[in-house]
S.K.: 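The following block contains the structure, expressed as structure tokens.
Worth saying up front: this structure is predicted, and the values here are computed from it rather than measured. Every heavy atom of this structure was used, including side-chain atoms; hydrogens, water molecules and symmetry mates were not.
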Amino acid sequence: MKIIRSIKGTRDFYPDEMARRMWLVDKLRQASEAFGYQQYEGPCLETIDLYAAKSGEELVKEQAFVFPDRGGDPITLRPELTPTLARMIASKQNELVFPARWWSFGPFWRYERPQKGRTREFYQWNIDLIGSDSVQADAELVSVAATFLKLVGLKSDQVQILVNDRRLMDRKLTEIGIGQDKKPEMLRMIDRIDKQPADVWEQNVADLGFSQEQIGKIRELLANRELWRESVELSQLFDFLALNGLDEYVRYEPKIIRGLDYYTGVVFEAHDVKEGFRAILGGGHYANLVGDVGGQPLPGVGFAMGDVVVMLVLEAFGLIPEELTHGETVLVTVFNEELLPDSMRLASELRSMGFGVVLAEPEKLAKQFKYADRLGLKKALVLGPDELAVGKVVVKDLRTFEQVVVDRDQIIASLK
RNA sequence: GUGCCUGUAGCUCAAUGGCAGAGUGCUUCACUGUGGAUGAAGAUGUUGAGGGUUCGAGCCCCUCCAGGCACCCCA
């Protein structure tokens with residue numbers, strides 16, 4: 001029989017993979033809550049109008065899944081969360097407490113060519129601090145990101161958060177004599193300088209009408225690791241990060257610009273240092289979150305992290321725990337048909353004591369143990385005629401192969 | 001959306017245009033109260049799909065599908 005294929009770019013999460021995802025969520029929840037952020041969620045379906053105002057052109061026109069509903073109205077599967085957040089904030093702008101610290105984790109869809117680190121359906125952690133324009137706020141979000149990286153076990157020599165400030169770059173471009181109208185083009189080119197060979201890049205920049213002198217100065221600019229000292233904001237940002245003890249995870253990088261147009265200040269991306277994966281997370285400061293959806297102007301800072309790349313990185317560094325499923329679940333064997341009621345009662349008792357219990361079926365004990373082993377369970381109980389006669393139970397450790405005979409009331413202690 | 005590469009057993013891979021294989025895993029038994037080992041036996045394939053060339057195609061050609069890599073974009 002032919003199995004009907006899943007939609008291109010989607011993934012099935014079998015129990016082991018689901019356990020890994022939930023482990024990831026647990027970590028990012030910890031990082032979020034460590035800074036007092038509250039979880040929220042919006043709909044996965046939105047109108048196309050919501051994105052028309054805010055998102056990058058390409059993100060909506062080329063990459064969003066859009067299809068008519070049964071009434072013929074266009075429905076969009078959300079390609080990002082920020083516009084939804086903007087609406088939610090704008091709708092209750094007068095009753096929410098600001099600055100608002102919110103985080104979310106959920107599915108998103110983008111019609112892209114699937115490849116390593118990129119799927120069409122992915123999960124994304126979004127976290128934003130809305131209603132503050134301070135450097136403190138910027139530093140806080142970078143700190144949340146660094147805290148997360150630390151929590152999952154990544155070291156600062158494995159992964160780095162690269163930071164820049166668009167205001168600083170804007171000033172430097174002015175100094176080089178690049179007019180306001182040409183800046184977006186130049187910023188785009190800077191953003192992708194490492195993706196093209198040096199000569200190709202220079203040719204492309206020259207084709208846009210920039211002079212050789214300007215190109216030279218841009219190269220100089222991008223090689224200057226100390227450029228951040230010219231920015232009051234970045235200097236302060238690094239001070240704050242040092243106070244949080246997280247500065248080793250963060251470094252200045254003048255090439256970081258980021259594609260989305262709404263970033264107006266500090267921008268940052270986390271990358272692995274050696275393997276060259278895609279960006280693990282990315283975000284920045286925006287001047288006006290809700291203006292385009294009809295609210296009063298509100299600044300903020302936030303970032304997003306997809307589940308795909310971070311899991312690839314964690315996998316590469318061997319940081320995903322092996323045994324995530326069934327840790328505390330025990331197996332109660334069934335000696336034979338006659339003793340099934342006794343095993344069932346035992347299982348029931350254990351459940352009422354808070355244990356997860358898998359009740360086996362009456363087969364050869366060897367099969368039952370093998371089943372427990374393959375499920376990844378750590379303990380198995382045997383209740384046979386011998387044990388039943390003396391009111392005891394065999395508790396077997398499936399890892400060490402050791403087993404002990406214990407009284408019924410001592411089961412809990414032996415399951416620790 | 002563009003270019004290039006790949007697709008053989010559950011997994012990793014072999015097979016000059018000439019009988020589809022190995023390792024591993026899986027099932028059963030040795031072992032009717034015990035899953036790690038050992039030994040024995042066994043099952044599993046429309047070689048991604050469809051078409052073409054050929055006496056003959058896993059291998060060559062075309063189309064499609066899926067995956068990977070680089071663009072594009074970005075989490």
S.K.: Tell me the interatomic distance from Q63(A), atom CD, to C71(B), atom C1', rounded to whole angstroms.
M.R.: 13 Å
S.K.: Using whole Å, what does the distance between atom C1' of nucleotide A70(B) and atom NZ of K195(A) come to?
M.R.: 10 Å
S.K.: Between G67(B) and A41(B), how far apart are the two C1' atoms, rounded to whole Å?
M.R.: 38 Å
S.K.: Any N/O pairs under 3.5 Å between the protein and nucleotides 36-38 of chain B? List them or say none.
M.R.:
none

S.K.: On a whole-Å scale, what distance lies between the P atoms belonging to G7(B) and C62(B)?
M.R.: 15 Å
S.K.: Is the shortest distance from a Lys or Arg side-chain nitrogen in R101(A) or E140(A) to a carboxylate oxygen in the other one below 4.0 Å?
M.R.: yes
S.K.: Are any of the side-chain nitrogens in K396(A) or E402(A) under 4.0 Å away from the carboxylate oxygens of its partner?
M.R.: no
S.K.: With a 4.0 Å cut-off on heavy atoms, is I280(A) in touch with a base, just the backbone sugar-phosphate, or nothing at all?
M.R.: sugar-phosphate
S.K.: Is any NZ, NE, NH1 or NH2 atom of the basic residue among K182(A) and E185(A) found under 4.0 Å from an Asp or Glu carboxylate oxygen of the other?
M.R.: yes
S.K.: Taking U16(B) as the reference, what is the distance to C60(B) when you measure between their P atoms (whole Å, please)?
M.R.: 11 Å
S.K.: Determine the Euclidean distance between corresponding C1' atoms of A43(B) and G50(B); express it in Å to zero decimal places.
M.R.: 30 Å
S.K.: For the pair made of CD in E387(A) and P in U34(B), what is the distance, rounded to whole Å?
M.R.: 12 Å
S.K.: Checking S32(A) now: which residues fulfil side-chain contact (heavy atoms from CB on, under 4.5 Å) with it, not counting sequence neighbours?
M.R.: Y37(A), W103(A), W125(A), I127(A)
S.K.: Would you tabulate the nitrogen or oxygen pairs shorter than 3.5 Å linking the protein to nucleotides 25-29 of chain B?
M.R.:
| unit_1 | atom_1 | unit_2 | atom_2 | d |
| --- | --- | --- | --- | --- |
| U27(B) | OP2 | K370(A) | NZ | 3.1 |
| U28(B) | OP1 | K367(A) | NZ | 2.5 |

S.K.: Hey, which of these two, R258(A) or G9(A), hits RNA chain B nearer its 5' end, going by closest nucleotide?
M.R.: G9(A)
S.K.: Could you tell me how the ring of Y262(A) sits relative to the ring of Y286(A): parallel (under 30°), tilted (30 to 60°) or perpendicular (over 60°)?
M.R.: perpendicular
S.K.: Figure out the NZ/C1' separation between K379(A) and G35(B), and round it to whole Å.
M.R.: 16 Å
S.K.: What nucleic acid atoms does V310(A) come within less than 4.0 Å of, heavy atoms only: base, sugar-phosphate, or nothing?
M.R.: nothing
S.K.: Could you pull out all residues at least two apart from D407(A) that satisfy salt bridge (Lys or Arg N to Asp or Glu O under 4.0 Å)?
M.R.: K392(A)
S.K.: Salt bridge or not for K255(A) and D191(A), using N-O below 4.0 Å?
M.R.: no
S.K.: Rounding to the closest angstrom, what is the interatomic distance between G58(B) and C5(B) at atom P?
M.R.: 22 Å
S.K.: Can you tell me how far C1' of C74(B) sits from NE2 of H271(A), to the nearest Å?
M.R.: 11 Å
S.K.: With sequence neighbours excluded, tell me which residues meet side-chain contact (heavy atoms from CB on, under 4.5 Å) with I320(A).
M.R.: R20(A), W23(A), M311(A), L314(A), E315(A), L324(A)
S.K.: M22(A): which residues meet the side-chain contact (heavy atoms from CB on, under 4.5 Å) condition with it, sequence neighbours left out?
M.R.: M18(A)
S.K.: Is E121(A) salt-bridged to R110(A), cutoff N-O under 4.0 Å?
M.R.: no
S.K.: Rounding to the closest angstrom, what is the interatomic distance between G35(B) and G21(B) at atom C1'?
M.R.: 31 Å
S.K.: In this structure, how many angstroms lie between the P atom of A75(B) and the CZ atom of R78(A), rounded?
M.R.: 15 Å
S.K.: With rounding to whole Å, what would you report as the distance between A66(B) and G48(B) at their P atoms?
M.R.: 16 Å
S.K.: Run the side-chain contact (heavy atoms from CB on, under 4.5 Å) test against A146(A) and tell me which residues pass, sequence neighbours left out.
M.R.: I161(A), L246(A), Y249(A)
S.K.: Do R87(A) and E46(A) meet the salt-bridge criterion of a basic N to acidic O distance under 4.0 Å?
M.R.: yes
S.K.: For F369(A) and C31(B), what is the distance between atoms CZ and C1' respectively, to the nearest whole Å?
M.R.: 14 Å
S.K.: Assess whether a salt bridge exists between R219(A) and E202(A), defined as any Lys/Arg side-chain N lying under 4.0 Å from an Asp/Glu carboxylate O.
M.R.: yes
S.K.: For nucleotides U44(B) and A37(B), find the distance between their P atoms and express it as a whole number of Å.
M.R.: 25 Å
S.K.: Polar atoms only, N or O, under 3.5 Å: list the protein pairs with nucleotides 40-42 of chain B and their distances.
M.R.:
none

S.K.: Can you sort out which residues in residues 101-128 of chain A have a heavy atom within less than 4.0 Å of RNA chain B? Ascending by number, please.
M.R.: R110(A), E112(A), R113(A), P114(A), Q115(A), K116(A), R118(A), T119(A), F122(A), Q124(A)
S.K.: Using a heavy-atom cut-off of under 4.0 Å over every strand shown, decide if K8(A) touches base, sugar-phosphate, or nothing.
M.R.: sugar-phosphate
S.K.: Output yes when D165(A) and R167(A) qualify as a salt bridge under the 4.0 Å nitrogen-oxygen rule, no when they do not.
M.R.: yes
S.K.: Taking the basic N atoms (NZ, or NE/NH1/NH2) and the acidic carboxylate oxygens, is any pair closer than 4.0 Å for E41(A) and R78(A)?
M.R.: yes
S.K.: Please tabulate, one pair per line, all N/O donor-acceptor pairs under 3.5 Å involving side-chain atoms of residues 302-310 of chain A, not counting sequence neighbours.
M.R.:
| unit_1 | atom_1 | unit_2 | atom_2 | d |
| --- | --- | --- | --- | --- |
| D307(A) | OD1 | R11(A) | NH2 | 3.4 |
| D307(A) | OD1 | Y123(A) | N | 2.9 |
| D307(A) | OD2 | R11(A) | NH1 | 2.9 |
| D307(A) | OD2 | R11(A) | NH2 | 3.0 |

S.K.: Where does RNA chain B pair, written as one dot-bracket string 5' to 3', with Watson-Crick or G-U pairs under 3.5 Å, ( ) inside the strand, [ ] for crossing pairs and | for another strand?
M.R.: (((((((..((((....[..)))).(((((.......))))).....(((((..]....))))))))))))....
S.K.: Taking ring-ring contact (aromatic ring centres under 6.0 Å, His included) as the definition, give me every residue that meets it alongside F98(A), ordered by chain and number, with sequence neighbours left out.
M.R.: none
S.K.: Are the charged groups of D397(A) and K379(A) less than 4.0 angstrom apart, N to O?
M.R.: yes
S.K.: Figure out the CD/P separation between E363(A) and G35(B), and round it to whole Å.
M.R.: 13 Å
S.K.: Kindly point out which of U34(B), G33(B), C73(B) is positioned nearest to the side chain of Q403(A)?
M.R.: U34(B)
S.K.: Over all strands shown, is D191(A) touching base, sugar-phosphate only, or nothing at heavy-atom distances under 4.0 angstrom?
M.R.: nothing
